[in-house]
Amino acid sequence: MLVLASASPRRREILARFIKEFAVIPSNADEKCSLTDPEEVALELARRKAREVHSRAGGTVIGADTVVSVEGRILGKPKNENEAYEMLKLLSGRVHRVTTGYCIIHGGREHCGAVVTEVKFRELDDGIIKAYIATGEPMDKAGAYGIQGLGGLFVEWIKGDYYNVVGFPMEIIWKLRELGFEVISR
C-alpha cells in the first residue's frame with residue numbers, strides 16, 4: 001500500500017491525479033531543524049516524516065517538505081498576519097527559491113531528493129498585501145502565499161516545476177513510476 005505522510009490537501013490532490021489508491025497518514029515527526037541550508041532542511045524534514053509514518057504503517061511511504069527561501073533565509077508558515085505581511089514584503093519584486101525535499105521508503109530503501117524552483121514576484125504594494133492577508137490564504141503556506149490560489153497573481157515568472165511550488169513536484173510521481181507504481185491508468 002502507498003502512504004502519503006502528509007496532512008496537506010494540496011499534496012493529496014496532486015497525488016490523486018496520478019495514483020488511484022493510496023492512504024493518507026499525517027506525520028507526527030518533529031519539524032524543528034537546526035540546519036540552515038534550505039535544501040538540507042527540506043530533505044531532513046521529508047526523511048523524518050517518511051520514517052515516522054513508515055514506523056507506524058509500513059508499506060511504501062512518501063514524505064515531503066517544502067521551504068521557501070530568499071537570499072538564504074528560510075521562510076516558514078507565518079504565525080500571524082504581521083509575519084505574513086513581513087514575508088510578502090520581503091518577497092516583493094524579488095526572486096526566491098522554493099525547495100521541496102522528498103523521501104520515498106520502498107522495499108527497504110530510501111529514495112530521496114530535492115527539487116528547486118525559482119519564482120519572481122511582482123512589486124507588491126501594501127494594499128494588495130493587506131487584501132491578500134485578509135483572505136486568510138497565506139496563513140498555512142510556506143512563504144505566506146499559494147501559487148495555486150490568489151497568490152498566483154503575485155508571480156511574474158517561474159523557472160522550474162510549477163507543482164513544486166504547490167508542494168509536490170512531478171519528480172516524485174516519476175520516481176513512483178520508476179518504482180513500479182502505475183501513474184497513468186486506463
### Query
Linking I/L/V/M/F/W/Y whenever their side-chain heavy atoms sit closer than 4.5 Å, directly or via other members, would V70 and V116 fall into one cluster?
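Unlinked, V70 and V116 end up in two clusters.
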### Query
According to a 4.5 Å side-chain heavy-atom criterion applied to Ile, Leu, Val, Met, Phe, Trp and Tyr, with indirect links allowed, do L75 and I147 form part of one hydrophobic cluster?
yes
Heavy-atom check, side chain of [X] versus side chain of [Y], under 4.5 Å:
X: V61; Y: L4; result: no
X: I172; Y: I104; result: yes
X: K141; Y: K77; result: no

Salt-bridge contact [X]-[Y] (side-chain N to carboxylate O under 4.0 Å):
X: E13; Y: R17; value: yes
X: E52; Y: R48; value: no
X: K89; Y: E86; value: no
X: K20; Y: E182; value: no
X: E81; Y: K130; value: no
X: K49; Y: D30; value: no

### Pair R11-T100, side chain to side chain donor-acceptor pair (under 3.5 Å): steps then yes or no
CA-CA 11 Å; R11 288 191 178 113; T100 299; 5.4 Å; no
### Query
Does the gap between the ring centers of Y163 and F168 come in under 6.0 Å?
no
### Message
Ring centroids only, cut at 6.0 angstrom: are Y102 and H111 within range, meaning strictly under it?
### Response
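Not close enough - the centres of the two rings lie 6.0 Å or further apart.
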### Message
Could you go through M1 and T60, starting from their C-alpha distance and side-chain angles, then the distance that decides it, and tell me whether this counts as side-chain contact (heavy atoms from CB on, under 4.5 Å)?
### Response
CA-CA 6 Å; M1 175 58 129; T60 298; over 6 Å; no
### Task
From the options L124, L153, L150, select the one residue that forms a side chain to side chain contact (heavy atoms under 4.5 Å, CB included) with Y132.
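The side chain to side chain contact (heavy atoms under 4.5 Å, CB included) with Y132 is passed solely by L150 among L124, L153, L150.
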### Message
Using the side chain to side chain contact (heavy atoms under 4.5 Å, CB included) definition, which of the options C33, S34, C112, C103 pairs with E44?
### Response
C33
### Message
Apply salt bridge (Lys or Arg N to Asp or Glu O under 4.0 Å) to residues R94 and E71 and explain how you reach the verdict.
### Response
CA-CA 10 Å; R94 301 171 104 172; E71 296 181 0; 2.4 Å; yes
### Query
Between D161 and T117, do the side chains contain an N or O donor and an N or O acceptor separated by less than 3.5 Å?
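D161 vs T117: no donor-acceptor pair found between side chains.
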#### Entry: Check: S27/R56 side-chain N/O donor and acceptor closer than 3.5 Å
no
### Query
How many angstroms lie between atom CD1 of I129 and atom OH of Y145, to the nearest 0.5 angstrom?
13.5 Å
